[in-house]
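Just so it is clear: chains get the letters A, B, ... in the order the sequence lines come, proteins before strands, and each one is counted from 1. Side chains included, hydrogens not; waters and symmetry mates left out as well; all remaining heavy atoms used.
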Protein chains: 2
Amino acid sequence: MTTTSTLITADPGKQELFIVREFNASRELVFRAFSEADLIARWLGPRELKTRIEKHDNRTHGSWRYIHYDDAGNEYAFNGVIHEVAAPERIIRTFEFEGMPETGHVSIEFLTLETLEGNRCRATIQAIYRSVEDRDGHIVSGMERGVLDSHSRLDELLDAMN
Amino acid sequence: MTTTSTLITADPGKQELFIVREFNASRELVFRAFSEADLIARWLGPRELKTRIEKHDNRTHGSWRYIHYDDAGNEYAFNGVIHEVAAPERIIRTFEFEGMPETGHVSIEFLTLETLEGNRCRATIQAIYRSVEDRDGHIVSGMERGVLDSHSRLDELLDAMN
């Protein structure tokens with residue numbers, strides 16, 4: 001198995017960032033892992049948290065809500081609407097962390113999956129924020145470790161499904 | 001009646017723009033004009049086009065689709081999802097013009113309404129795009145005239161409702 005790593009790019013002064021990761025699985029399988037509630041619950045989020053899928057209407061003009069939680073009763077909720085599901089290539093959705101002091105700090109995410117040689121797949125997420133401050137706030141909140149944990153867990157899930 | 005004008009700001013190199021307009025009506029009335037399908041159909045779009053509301057599920061996690069059309073049979077369709085409706089203050093939604101050569105050129109719009117003195121209201125729309133190119137493409141497509149016509153028509157509608 002080839003080991004891959006996650007590249008997160010956030011250019012200074014821009015209100016967007018890019019997350020790029022290759023997976024040792026077909027685009028169809030990776031798309032399922034990003035689309036099906038029971039699969040998402042098995043890889044999304046930091047390793048010390050569990051994920052409860054409150055809503056996952058995974059279709060164009062659908063919506064979603066997830067909660068990460070720990071055994072101590074802490075909960076971290078996220079929600080958004082789904083603008084487009086174009087299987088097995090793209091999902092466009094909004095994203096909001098409900099733990100902010102006020103609502104309205106909403107970003108939009110474009111997930112694009114590309115087929116690579118050797119039954120591999122590249123996932124690119126472009127996330128666009130209301131401001132540079134919102135983007136940088138998301139980064140320093142621990143997003144990077146959450147993403148790295150998630151992708152490492154997703155590697156394991158894809159291995160088990162392959 | 002005070003005459004007001006629309007200010008559109010698009011700083012070079014940014015992937016966002018701002019549209020600011022004051023109206024001679026209360027925030028509650030302006031919010032209704034942005035929220036109710038039969039009212040939207042009476043002011044949205046250039047003067048030479050009519051508007052048909054195909055879908056208008058105006059709630060948090062709802063969605064919408066409008067068609068502007070003319071007597072010659074030309075149609076221009078738009079759609080999106082609604083992330084948040086916070087009456088009478090804010091609507092956050094995605095926006096896509098269906099006439100593009102490919103799907104995926106999606107923007108996100110934050111409409112904020114503020115109460116001003118003298119039963120007036122300020123509307124601010126922040127629109128954020130996937131790229132500077134998408135933003136500039138929207139501007140040169142005739143967006144400005146569409147916005148100016150819309151706001152002028154909205155003035156007339158608010159006058160009639162006041």
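Per-residue heavy-atom pair counts under 4.5 Å with chain A were compared for I128(B), I108(B), D57(B), and the maximum is reached by I128(B). Between chain B and the options R93(A), H61(A), E96(A), the largest number of non-hydrogen pairs under 4.5 Å is found for H61(A). Contact count against chain B (heavy-atom pairs under 4.5 Å) is highest for V106(A) among I92(A), V106(A), T94(A). Per-residue counts of heavy-atom pairs under 4.5 Å with chain B were compared for I82(A), T60(A), T112(A); the largest is that of I82(A).
Proximity to chain A (any heavy atom under 4.5 Å) is shown, for T103(B), by both the backbone and the side chain. Contacts between N79(B) and chain A at a heavy-atom distance below 4.5 Å involve backbone atoms as well as side-chain atoms. Of the atoms belonging to Q126(B), it is side-chain heavy atoms, and not backbone ones, that fall under 4.5 Å from chain A. For a residue to count as touching a neighbouring chain, one of its non-hydrogen atoms must lie under 4.5 Å from one of that chain's; by this rule E84(A) touches chain B with the side chain only. Both the backbone and the side chain of R130(B) come within contact range of chain A, each with at least one heavy atom under 4.5 Å from a heavy atom of that chain.
Using a 3.5 Å distance cut-off with no hydrogens or angles, the side chains of H105(B) and Y129(B) do not pair a donor with an acceptor.
Among H151(B), E144(B), E109(B), the one residue that satisfies the side-chain contact (heavy atoms from CB on, under 4.5 Å) test with I19(B) is H151(B).
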Practice task
Begin with the C-alpha distance, continue with both residues' side-chain angles, and end with the deciding distance and a verdict on ring pair (Phe, Tyr, Trp, His ring centres under 6.0 Å) for F78(A) and H68(A).
Solution key: CA-CA 8 Å; F78(A) 305 82; H68(A) 296 316; 5.5 Å; yes
Exercise for the section: With side-chain contact (heavy atoms from CB on, under 4.5 Å) as the test, would you mind laying out the steps for Q15(B) and D134(B) before giving the verdict? Expected result: CA-CA 8 Å; Q15(B) 63 203 95; D134(B) 269 15; over 6 Å; no
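Sequence neighbours left out, the pairs with a member in residues 7-20 of chain A that pass salt bridge (Lys or Arg N to Asp or Glu O under 4.0 Å) are K14(A)-E16(A).
Ring planes of F95(A) and H138(A): tilted class, angle from 30 to 60°.
S152(A) pairs by the side-chain hydrogen bond (donor to acceptor under 3.5 Å, both in side chains) definition with R47(A), not counting sequence neighbours.
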